[in-house]
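The figures here come from the full heavy-atom set of this structure, side chains too, leaving out hydrogens, waters and symmetry mates.
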Amino acid sequence: MDRIERLKKDAAVIEDRIKKLLDIHLKYSGIIIDAMKYSSLSGGKRLRPSLFLELLRACNVYEEKYLDIACAIEFIHTYSLIHDDLPAMDNDDYRRGTLTSHKKFGENIAILAGDALLNFAYEILLRFICENNGENQNVARACLYIANNSGIYGMIGGQVSDVTTEKKDIETEQLVYIHEHKTAKLIEASIVSAAMLSNLSEQQIKHFENYARNLGLAFQISDDILDVVGDTKKLGKSIGKDVAEGKNTFPKYYGINKSIDILLQHIKECKDALKATNIPNLDFFEQTADYLSQRNS
């Protein structure tokens, strides 16, 4: 089974579980569930939870046991997209080819839907710790890693640095910090938490962390490139916004050709890190890295 087929299979499993988790009926505030479902079930490749499940599978761990953690990761990712799209942030009208949450429900409900998804993700993680920590001492450690990488030390930290430096020139070291935190940290959370739950050695976990960091940077650099040369129909969102809004991107500082070279170097480092783990059957992860060199959506 190739990468695309596995992504589709994982996505189907994840979406089915998301539907069940969000099968919630609130008497007076049901619109929040509608908004949570709208953004959580609006498509997408489900890359982050798929990376989580695929690593468990590669390590011969029964991945269905940890399916709710995969969904929690996707809820965190989805909340971040809802907030990213708001007028105060990226001000996008479309996401994945459909209206963004604030365009569909209004800004107030969109903000609350993002808050609700993040809170719901932590409910899931805490419930999982309460129910399973006795069986696997790494459960709490993995959930804490997800939380740390989602907050001020990770994704939110990167977003803050991103929005406060718009229309300003910055050092390329800070550019890497922004990309590493706002994008790579949640990818790291997906992969490293699975490595922890698989009871891998500290050295193997470090190699997967290195892989995930380089994959996340490559993913964001490819995003930067696509914003310049991409196709709106294929991407399902507007292009050219980074330049228009004065965002700090790799093409801004390095140009397209040099940015592609840097992207390819990160892909190489991904593959080197995978080899260093000495774990077989990691073709999904190698193919995912390769995909970023030819990504168009």
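- Looking only at distances, a side-chain donor or acceptor of N132 sits under 3.5 Å from a matching main-chain atom of F128.
- If you chain together hydrophobic residues whose side chains sit under 4.5 Å apart, I4 and L47 never meet in one group.
- Once rounded to the nearest 0.5 Å, the distance linking CG of L56 with CD1 of I191 reads 11.5 Å.
- Annotation for E5: atom CD counts as buried by contact number, over 12 foreign heavy atoms lying within 6.0 Å.
- A heavy-atom distance below 4.5 Å is found between the side chains of Q174 and T165.
- Heavy atoms only, all atoms of each residue included: D169 and Y253 are closest at CA-OH, 3.4 Å.
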**Request:** Begin with the C-alpha distance, continue with both residues' side-chain angles, and end with the deciding distance and a verdict on side-chain contact (heavy atoms from CB on, under 4.5 Å) for H77 and L186.
**Result:** CA-CA 8 Å; H77 176 57; L186 196 55; 3.7 Å; yes
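- Taken together through direct or relayed side-chain contacts under 4.5 Å among Ile, Leu, Val, Met, Phe, Trp and Tyr, L41 and I14 form part of one hydrophobic cluster.
- No more than 12 heavy atoms of other residues, nucleotides or ligands lie within 6.0 Å of CD in E173, so this atom counts as exposed by the packing criterion.
- At least one side-chain heavy atom of F208 sits less than 4.5 Å from a side-chain heavy atom of I279.
- At distances below 3.5 Å, not a single donor-acceptor pair connects side-chain atoms of T277 with backbone N or O atoms of A273.
- Side chain of N138 to backbone of M196: a donor-acceptor contact under 3.5 angstrom is found.
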Could you give the side-chain donor-acceptor pairs of residues 108-120 under 3.5 Å, partners two or more places apart or in another chain?
residue, atom, partner, partner atom, Å
N119, ND2, E123, OE2, 3.1

Name each donor-acceptor pair under 3.5 Å that joins a side chain in residues 24-40 to protein atoms two or more places apart or in another chain, with its distance.
residue, atom, partner, partner atom, Å
H25, NE2, D23, OD1, 3.1
Y38, OH, L99, O, 2.7
S40, OG, M36, O, 2.8

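- Look at R295 and D223 and you find a salt bridge, because one of the NZ, NE, NH1 or NH2 atoms lies within 4.0 Å of a carboxylate O, short of that distance.
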**Candidate pair L282 and K275, rule side-chain contact (heavy atoms from CB on, under 4.5 Å), full reasoning** = CA-CA 9 Å; L282 295 177; K275 288 177 185 175; over 6 Å; no
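- The aromatic rings of F250 and Y254 lie parallel to each other, with less than 30° between the two planes, well short of the 60° mark.
- Here the CG atom belonging to L217 is positioned 9.0 Å from the SG atom belonging to C270, to the nearest 0.5 angstrom.
- Hydrophobic clustering (side-chain heavy atoms under 4.5 Å, transitive across Ile, Leu, Val, Met, Phe, Trp, Tyr) keeps Y122 apart from L81.
- Contact of the S150 side chain with the K185 side chain is not registered, since no non-hydrogen atoms from C-beta on lie closer than 4.5 Å.
- Note that the CD1 atom of I146 and the CD1 atom of I73 stand 4.0 Å from one another [nearest 0.5 Å].
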**side-chain hydrogen bond (donor to acceptor under 3.5 Å, both in side chains) between Y211 and E286, worked out** = CA-CA 10 Å; Y211 166 83; E286 186 168 344; over 6 Å; no
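- Counting all heavy atoms, side chain and backbone alike, L7 lies closest to S50 at CD2-OG, 3.5 Å.
- The ring of H83 has its center closer than 6.0 angstrom to the ring center of Y79.
- Side-chain contact between V61 and L197: absent, with no pair of heavy atoms (C-beta onward) separated by less than 4.5 Å.
- Between the side chain of T183 and the backbone N or O of E180, no donor-acceptor pair lies under 3.5 Å.
- Under a hydrophobic-cluster definition in which Ile, Leu, Val, Met, Phe, Trp and Tyr are linked whenever side-chain heavy atoms come within less than 4.5 Å, directly or via other members, I256 and L292 are assigned to the same cluster.
- Contact record, A212 with I187: O-CG2, 3.9 Å, taken as the closest heavy-atom pair.
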**Prompt:** Checking side-chain hydrogen bond (donor to acceptor under 3.5 Å, both in side chains) for the pair D224/Q220: CA distance, chi angles, key distance, verdict?
**Reply:** CA-CA 6 Å; D224 288 356; Q220 185 58 52; 3.2 Å; yes
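- Between S259 and I221, the closest heavy-atom pair is O-CG2, 3.7 Å.
- In this structure, D227 does not pair ionically with K247, as no charged nitrogen and carboxylate oxygen lie closer than 4.0 Å.
- G44 and R96 make their closest contact through CA-NE, 3.6 Å (heavy atoms, listed as atom of the first residue, atom of the second, distance).
- Using a cut-off of 4.0 Å between Lys/Arg side-chain N and Asp/Glu carboxylate O, K271 and D290 are scored as salt-bridged.
- Considering R46, K9, K8, K20 in turn, R46 is the only one that fulfils the salt bridge (Lys or Arg N to Asp or Glu O under 4.0 Å) rule with E15.
- Of the possible donor and acceptor atoms, one in the side chain of K168 sits under 3.5 Å from a partner among the backbone N and O of T164.
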**Asked** Do R3 and D283 pass the salt bridge (charged side-chain N to carboxylate O under 4.0 Å, His left out) test, and can you show the C-alpha distance, the side-chain angles, and the key distance before you say yes or no?
**Response** CA-CA 8 Å; R3 185 187 69 88; D283 53 308; over 6 Å; no
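- From K182, atom NZ reaches atom CD1 of I156 across 14.0 Å, with rounding to the nearest 0.5 Å.
- With hydrogens and angles ignored, the 3.5 Å screen pairs no side-chain donor or acceptor of T172 with any backbone N or O of L175.
- Remark: side-chain polar atoms of Y66 are not paired, donor with acceptor, to backbone N or O of A194 under 3.5 angstrom.
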**Derivation and outcome, side-chain contact (heavy atoms from CB on, under 4.5 Å), residues I205 and E202** = CA-CA 5 Å; I205 290 172; E202 291 304 313; 4.1 Å; yes
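- The closest side-chain heavy-atom distance from Q159 to D84 is below 4.5 Å.
- To the nearest 0.5 Å, atoms CE (M89) and OG (S80) are separated by 9.0 Å.
- Residues D2 and R6 are not paired through a salt bridge, judged by the lack of any N-O separation under 4.0 Å between the basic side chain and the carboxylate.
- A donor-acceptor contact under 3.5 angstrom links the side chains of N248 and K252, judged on distance only.
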**Message:** For I82 and T100: C-alpha separation, side-chain torsions, deciding distance, then whether side-chain contact (heavy atoms from CB on, under 4.5 Å) applies.
**Reply:** CA-CA 7 Å; I82 293 174; T100 50; over 6 Å; no
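- In the hydrophobic clustering of this structure, V229 groups with I262; members are Ile, Leu, Val, Met, Phe, Trp, Tyr whose side-chain heavy atoms approach within less than 4.5 Å, directly or through other members.
- The pair E188-R213 does not meet the salt-bridge criterion, since no charged nitrogen lies less than 4.0 angstrom from a carboxylate oxygen.
- In this structure, H181 contributes its side chain and Y177 its backbone to a donor-acceptor pair below 3.5 Å.
- Proximity of a side-chain donor or acceptor of S161 to a complementary backbone N or O of G158 within less than 3.5 Å is not detected.
- Remark: C71 SG to I18 CD1 distance equals 5.0 Å, nearest 0.5 Å.
- A donor-acceptor pair under 3.5 Å is formed between the side chain of S201 and the backbone N or O of Q204.
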